[in-house]
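Step one of this worksheet: look at the structure below.
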Amino acid sequence: MANPPRRPTNPMAAAEAAFKPVKKPAPPVREAAVAPSVRELVSIRIDRAVLDYFQGDGPGWQDRINDALRTMVEKRIAAEDDRSDDIT
C-alpha cells in the first residue's frame, strides 16, 4: 500500500487508538525582549499607600515605580555578585 488509510482497518487497533492519550503541543518558548529598554505592559497589584506615594508627585508615577524597581534589582544583582566573589 503506497498510501495506507488513515483509519485503522484492524478493530483492535481502532479501539486502542480511540483511548490513546492525546499529546498536547508544547507551548511556544517566550523570547526575551530584543532591546533592554523595551517596556512590556503588565498588570500588578500594589498597596494603596505605595500607589499614593508614587502618584503624589504627579504625572510620571509609573516611571518612578519602574525606576525604584530597577534600582532594587540592580542592588540585588550586585549583592549576589559580591557573595559569589567571596565564595571563589
Side-chain angles (χ1 to χ4, degrees):
M1 270 187 190
N3 293 325
R6 291 181 58 148
R7 187 177 308 163
T9 54
N10 179 350
M12 187 65 156
E16 288 177 357
F19 292 102
K20 184 184 284 188
V22 177
K23 292 183 180 178
K24 294 182 181 179
V29 175
R30 192 161 175 203
E31 297 179 13
V34 176
S37 62
V38 173
R39 294 185 176 196
E40 187 168 338
L41 179 64
V42 296
S43 176
I44 61 172
R45 295 179 187 269
I46 299 175
D47 292 340
R48 173 47 61 185
V50 173
L51 190 58
D52 289 341
Y53 174 81
F54 283 100
Q55 287 180 337
D57 291 334
W61 60 271
Q62 291 172 324
D63 293 329
R64 289 189 292 277
I65 291 175
N66 191 58
D67 293 342
L69 290 171
R70 184 182 303 114
T71 301
M72 188 275 309
V73 168
E74 289 170 354
K75 286 181 181 178
R76 172 95 32 116
I77 290 171
E80 289 174 358
D81 288 346
D82 290 343
R83 279 186 284 189
S84 67
D85 290 343
D86 292 342
I87 294 173
T88 57

Cluster question for you: counting only ILVMFWY and a side-chain heavy-atom cut-off of under 4.5 Å, with indirect links fine, are Leu41 and Ile65 together?
no
Sequence-distant partners of Arg76, side-chain hydrogen bond (donor to acceptor under 3.5 Å, both in side chains), two or more places apart
none
Same cluster or not: Val42 versus Ile46, using hydrophobic residues (I, L, V, M, F, W, Y) connected whenever any side-chain heavy atoms lie under 4.5 Å apart?
yes
Which donor-acceptor pairs under 3.5 Å do the side chains of residues 68-75 make with protein atoms, sequence neighbours left out?
unit_1	atom_1	unit_2	atom_2	d
Arg70	NH1	Asp67	OD1	3.1
Thr71	OG1	Asp67	O	2.9

Applying salt bridge (charged side-chain N to carboxylate O under 4.0 Å, His left out), name anything that partners Arg48, two or more places apart in sequence or on another chain.
Asp52
Do Asp47 side-chain atoms and Ala49 backbone N/O form a donor-acceptor pair below 3.5 Å?
no
Side chain to side chain donor-acceptor pair (under 3.5 Å) partners of residues 53-64, not counting sequence neighbours, each pair once
Arg39-Asp63
